[in-house]
Each structure stands twice: as C-alpha cells, then as structure tokens.
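Contents: one structure, followed by commentary.
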Amino acid sequence: MESQDIFDRGNWGSKVAFVFAASGSAIGLGSIWRFPIMVGLNGGAIFVLCYLLSVFFIGLTVLLAELAIGRHSQKNLVGAMKLIKPGTPWKGVGYMGIITGVFILSYYSVVAGWAVGYLYKTITGAFRGEVTWQASDSLFRSFAADPLAVVICLFIIIVITTFVISKGVKGGIERWSKILMPVLFALIIILSIRAVTLPGSGTGLTFYLKPDFSGFNLNVLFYAVGQAFFSLSLGMGTMTVYGSYITKKENLVSSAGWVCFSTTLVALLAGIIIFPTLFHSLQLTPEQFKQEFEVSTGLMFQAFPIIISKMPGGYIFGIMFFILLLIAALTSTISMLEVPTSYLVDEKKWKRKNAAIVIGSIAFVLGIPSALSNGGVRFLTKANFMVIMDLVFGNIMLAVGGVLICLFIAYSWKVRNSLKEISIGSKSYKLTALWAFNIKYLAPAAVILIIVFIVIKNIL
C-alpha cells in the first residue's frame, strides 16, 4: 500500500470528471471574486470585451498547450520538461510555476478564508433584514481588519485544502468537484436573475456590457490577459498536472473548450450579479462610478449580502450560497496545492500526504502578511501588500509562465509534436493552423509587449 501511495498518480474517471475539476480550478474565486474587481478597476465593458478576446485567442491556446504537455508526459511541469527536453534549462519553467502557484495560494487562501467568515456571519444572522451598501461595506472592512479572525479563516482553508489533496485524484479532487460545481452554477444563475430585476439594474448593466472604447489602453489589455491566465489557472503548471491525469481516449480540444466556456460563463454571471447590485445600492451613473467609487478587494463580499437580503428565503439561500462559494474557492486552492504536491510525488518520490502537509504549511506562513494587509497591520495595509502580491504573481508571473510555455511548444518541442498529442482523441480538430499561429506568434508577442508595458508603468 505504501508504494502505491507514492507512485500511483491516478487518472480522472471520465471526461466529465476532468471538466468539472478543471472548471472548478478555473472558476473558483478567480471568476467570482477577482473578475468583477478587474472590471470595476478597468473601465467596465471595455475590459469585459478585452477579456473575452484574451480567453479566445490566448487563453484557449495556452490551455490546450498545457493539457498536451501534461497528457504526453504524464507528469507535472518540471517532470514534463525533463522528459521532453532532458538536460536543458526548460525545467526552470516548471520550478517557476511551482513558486508562483505557492505564492498565489498564500494570498488566494486569505480570500477563500473570507468565505468561511461570511458563512459564519450568514448563519448567525448578520444579513437579516434590509442590508445597505454602507452597512455591508462597514461590516466587511471591520471583518477584514480583525487579525485573529482572518488568520483563523486562512488556517481553516489551508487545512481543508491539504486534507483533500492528501486523498489523491479520484478520492479527493474528483469526488468534490463532480457533486458541487453543478450546484454552484445553479445558484449563480438564480442570483444573476434576481440582480437584473432590482430597480436601477439597467444602469449597472450598461456599465458592464456597453463598451466605451475611449477607455481602451494597454493597461486594460494587460489586466484582461492577466485575468484570462488567472481565471483559467494558466502559466503555473496547474493545467499541465490536470492534463497528466487525462487518458489518451479523451478529446483534449473539447475538454479545453468546455473549461473555457464554463469559466467565462461564471465570470460573466458574477459581473451581472455585482454591477446591477452596486448601481441599485449606490444610485450612481456609470460616469460617477468611474470617478468616485473605489473598487476594493472585498467587492464581492460587499455586494452579495445586499442581494441575498432582498431575496425571499434569503437566510437559507445565503447559507447555501456561501457554502458553495467556499467550495468554489476550495476547488481553486486544491488545484494550486496540487502543482507542488505532484512535483514532490513525481520527482522526489514523497508520500502524497507528507508533500501536501509541507507545502500547505509553507503557504499558510506566506499567507499571513496578506491576511493582515486589509487593516490588520497598518504598514502592510498602507503598502497594499495583497495588491502587490496579486500584481507580481497573479499577473506578471502567470503571464511570463504562459509566454515560456508558448515558446517551449513552438520552438523546442515543436508544434507538430504537440499537435500529434492533441490529435489523439481529437482527430476532427479544424483549427490547427490558427492554433499554430497563435502559439508561435500571437500569444507570446502580445503577452511580452504587455508585460514590458506594465513593468515600465508600475515598477520602473
């Protein structure tokens, strides 16, 4: 039994299992928490348009590339690079992905911990009766500034994530994802329907869905590409690992397509929930919103209690929603922890349980500064520590990782070899020429230019 624990990597039980697990990784808080924040900070609908184009032309391209690398090698990104191009520096891309994933896990788990706190608040009746924006905003800020509460919530998330990862693919990741992701979809659809029926929701929908092209700039484009990478879990080896658990009989193209579709759908629905609710509560015009409203990292937690308080049976519905939001967050933290865990299992022959505990402990320690940077510790708050972590690791490092994966496919492993892997189970793939052009030229060139721009603007 011990040798099986070390060496048996496992596989997805079916294509549906993979799509739910990968979608859970991609959806999580990346689509529900982070996407509306990026929309609010970057001009509304023009960002949404750039995001959709980024997902189609760049995100889907890189996702398919990562899945092909993973299934071909049956290894994590480090092991895949060693297998395909032994004795070369390409394995460094895998190590970079592991480091990036651990740092993202550290601050992402803080936000996931907020879901734990809000579940508790909902159960104890904090959102009974009419909830105004001012009341919801004040409640979030006081909660996020409570150092003991946020660190305890962070610890709870890390413990649950470590437990699930220690159970492996079928017993852990697959079992949770297959049951809970469909329920999350249903709840988000119900919430979005309620949001668009609120008085004044049309103004919010205009901000969210009617692009103002005068607001377009490279900054918007960079964050749109960064959000595509973040929401699809690209650039750090997550989808390479998930691809390594896919059997040869599965269709990689349709699997990648379903993951992109489900992730994008949930992101769009999250925005439909947030912005009509905001404009209903604040009674602002889109122009006033852009000029006066400060978008915070707690945007989702500030807006959701308002709409829940306006729904029949809101107390029960709120409990259900925050339970499912917690699960959505966990499907992402699980995928992030799986990357370094699979490396230690594959390359260092660690027991899965031991690997998960060690990496989980490191992520917890690294996450404490982020947990304390929303009012808990003044100098961390003043320095916008979590925002900086998200810029560096959630945007720049993911984009760099994506570029390097494109270059590896295009100029080292070669497009023809990756297309051979993609064609296994996907013989009807009609867009090979477009995918080849994107992976060789469009994706790396676009992302490199945007990275240079954002580094010059924000760092130099």
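This chain uses plain numbering: 1 for the first residue, then up along the sequence. Since the model is a prediction, treat every value here as computed from it, not as a measurement.
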>> For the backbone of V339 and the side chain of S342, can you confirm whether one donor and one acceptor N or O come within less than 3.5 Å of each other?
In response: yes
>> Please check this pair: side chain of N42 against backbone of M38, looking for a donor-acceptor N/O pair closer than 3.5 Å.
In response: yes
> Which heavy atom in G117 sits nearest to a heavy atom in C153, and how many Å separate them?
Replying inline: N-SG, 3.8 Å
>> Can you confirm whether more than 12 heavy atoms, excluding those of Y411, are under 6.0 Å from its OH atom?
In response: yes
>> T264 vs F56, test: side chain to side chain contact (heavy atoms under 4.5 Å, CB included). Steps then yes/no.
In response: CA-CA 10 Å; T264 304; F56 182 77; over 6 Å; no
> With distance as the sole test, does S423 use its side chain to make a donor-acceptor pair with the main-chain N or O of K420 at under 3.5 Å?
Replying inline: yes
>> Is it true that T161 and T333 share a donor-acceptor pair across their side chains at a distance under 3.5 Å?
In response: yes
> For A371, does its backbone N or O pair with a side-chain atom of Y107 as donor and acceptor, under 3.5 Å?
Replying inline: no
> Just by modelled atom types, is the C260 backbone N or O under 3.5 Å from a matching donor or acceptor in the T263 side chain?
Replying inline: no
> Is there a donor-acceptor contact under 3.5 Å from the side chain of R352 to the main chain of I165?
Replying inline: yes
> Can you list the steps and then say if K91 with E347 is a salt bridge (charged side-chain N to carboxylate O under 4.0 Å, His left out)?
Replying inline: CA-CA 12 Å; K91 62 181 179 291; E347 307 302 315; over 6 Å; no
>> Would you call the rings of F408 and W90 parallel, tilted or perpendicular, taking 30° and 60° as the class edges?
In response: perpendicular
> Which class fits the ring pair H72 and W413: parallel under 30°, tilted 30 to 60°, perpendicular over 60°?
Replying inline: tilted
> What do you reckon, is CZ of F453 surrounded by more than 12 foreign heavy atoms closer than 6.0 Å?
Replying inline: yes
> Stepwise, does the side chain to side chain contact (heavy atoms under 4.5 Å, CB included) test hold for M389 with S106?
Replying inline: CA-CA 9 Å; M389 289 284 285; S106 71; 3.7 Å; yes
> From N374 CG over to F385 CZ, what is the distance, rounded to the nearest 0.5 angstrom?
Replying inline: 11.5 Å
>> ring-ring contact (aromatic ring centres under 6.0 Å, His included) for F230 and F35? Distances and angles first, verdict last.
In response: CA-CA 9 Å; F230 193 99; F35 178 76; over 10 Å; no
> Is the shortest heavy-atom distance from the side chain of V220 to the side chain of N217 under 4.5 Å?
Replying inline: yes
> Is the Y108 ring parallel, tilted or perpendicular to the W33 ring (thresholds 30°, 60°)?
Replying inline: perpendicular
> What's the verdict on side chain to side chain contact (heavy atoms under 4.5 Å, CB included) for F364 and V151, showing C-alpha distance, side-chain angles and the deciding distance?
Replying inline: CA-CA 9 Å; F364 171 71; V151 171; 4.1 Å; yes
> Using the ring of each side chain (for Trp, its six-membered ring), is F437 parallel, tilted or perpendicular to Y441, with breaks at 30° and 60°?
Replying inline: tilted
>> Using side-chain heavy atoms (C-beta onward) and a distance below 4.5 Å, is L330 in contact with V164?
In response: no
>> Tell me whether Q227 contacts the main-chain N or O of G30 through its side chain, where contact means a donor paired with an acceptor under 3.5 Å.
In response: yes
>> How long is the straight-line distance from CD1 of I273 back to CD1 of I308, given to the nearest 0.5 Å?
In response: 9.5 Å
>> Within the structure provided, determine whether T381 and L372 are in side-chain contact (heavy-atom separation under 4.5 Å).
In response: no
> Which atom pair, heavy atoms only, marks the closest approach of M300 to L325?
Replying inline: CE-CD2, 3.6 Å
> Can you name the nearest heavy-atom pair linking G367 to L154, along with the distance?
Replying inline: C-CD2, 3.7 Å
> So, E338 versus Y245: side-chain donor-acceptor pair below 3.5 Å or not?
Replying inline: yes
>> If I compare all heavy atoms of A112 with all of L326, which pair ends up nearest, and what's the gap?
In response: O-CD1, 4.1 Å
>> V159 vs F163, test: side chain to side chain contact (heavy atoms under 4.5 Å, CB included). Steps then yes/no.
In response: CA-CA 6 Å; V159 168; F163 172 77; 5.6 Å; no
> Does Y223 have its ring centroid less than 6.0 Å away from the ring centroid of F47?
Replying inline: no
> Quick check: does any side chain N or O of R71 sit under 3.5 Å from a backbone N or O of E250, one acting as donor and the other as acceptor?
Replying inline: yes
>> Tell me whether Q74 contacts the main-chain N or O of S244 through its side chain, where contact means a donor paired with an acceptor under 3.5 Å.
In response: yes
>> How long is the straight-line distance from CG of N219 back to CD1 of I450, given to the nearest 0.5 Å?
In response: 10.5 Å
> So F301 and W114, would you call those rings parallel, tilted or perpendicular, with 30° and 60° as cut-offs?
Replying inline: perpendicular
> How about L60 and V55: do any of their side-chain heavy atoms sit closer than 4.5 Å?
Replying inline: no
>> Once rounded to the nearest 0.5 Å, what's the spacing between atom CD1 of I37 and atom CD1 of I32?
In response: 12.0 Å
>> Can you confirm whether I104 sits close enough to L398 that some side-chain heavy atom of one is under 4.5 Å from a side-chain heavy atom of the other?
In response: yes
>> Atom CZ of residue position F317 - does it have more than 12 heavy atoms of other residues, nucleotides or ligands inside 6.0 Å?
In response: yes
>> Less than 4.5 Å apart, side chain to side chain, heavy atoms only: is that true for M96 and L404?
In response: yes
> Does W435 reach the side chain of L419, with side-chain heavy atoms less than 4.5 Å apart?
Replying inline: yes
> Under 6.0 Å between ring centres, would you say that holds for Y95 and Y343?
Replying inline: yes
>> I want to check something: taking the side chain as every heavy atom from C-beta on, are F322 and V116 in contact at a cut-off of under 4.5 Å?
In response: no
> Does N251 reach the main-chain N or O of S254 with its side chain, forming a donor-acceptor pair under 3.5 Å?
Replying inline: yes
>> I need the single residue from L77, I409, L234 that forms a side chain to side chain contact (heavy atoms under 4.5 Å, CB included) with E66. Which is it?
In response: L234
> Closest heavy-atom contact between S412 and K85?
Replying inline: O-CE, 3.1 Å
> Which pair of heavy atoms, one from T122 and one from I319, lies closest together, and at what distance?
Replying inline: CG2-N, 3.5 Å
> Measuring from I307:CD1 to I274:CD1, what's the distance to the nearest 0.5 Å?
Replying inline: 8.5 Å
> Do Y242 and S233 have side-chain atoms, one donor and one acceptor, less than 3.5 Å apart?
Replying inline: no
>> Within this structure, what is the OG-CG distance for the pair S418 and L67, rounded to the nearest 0.5 Å?
In response: 12.0 Å
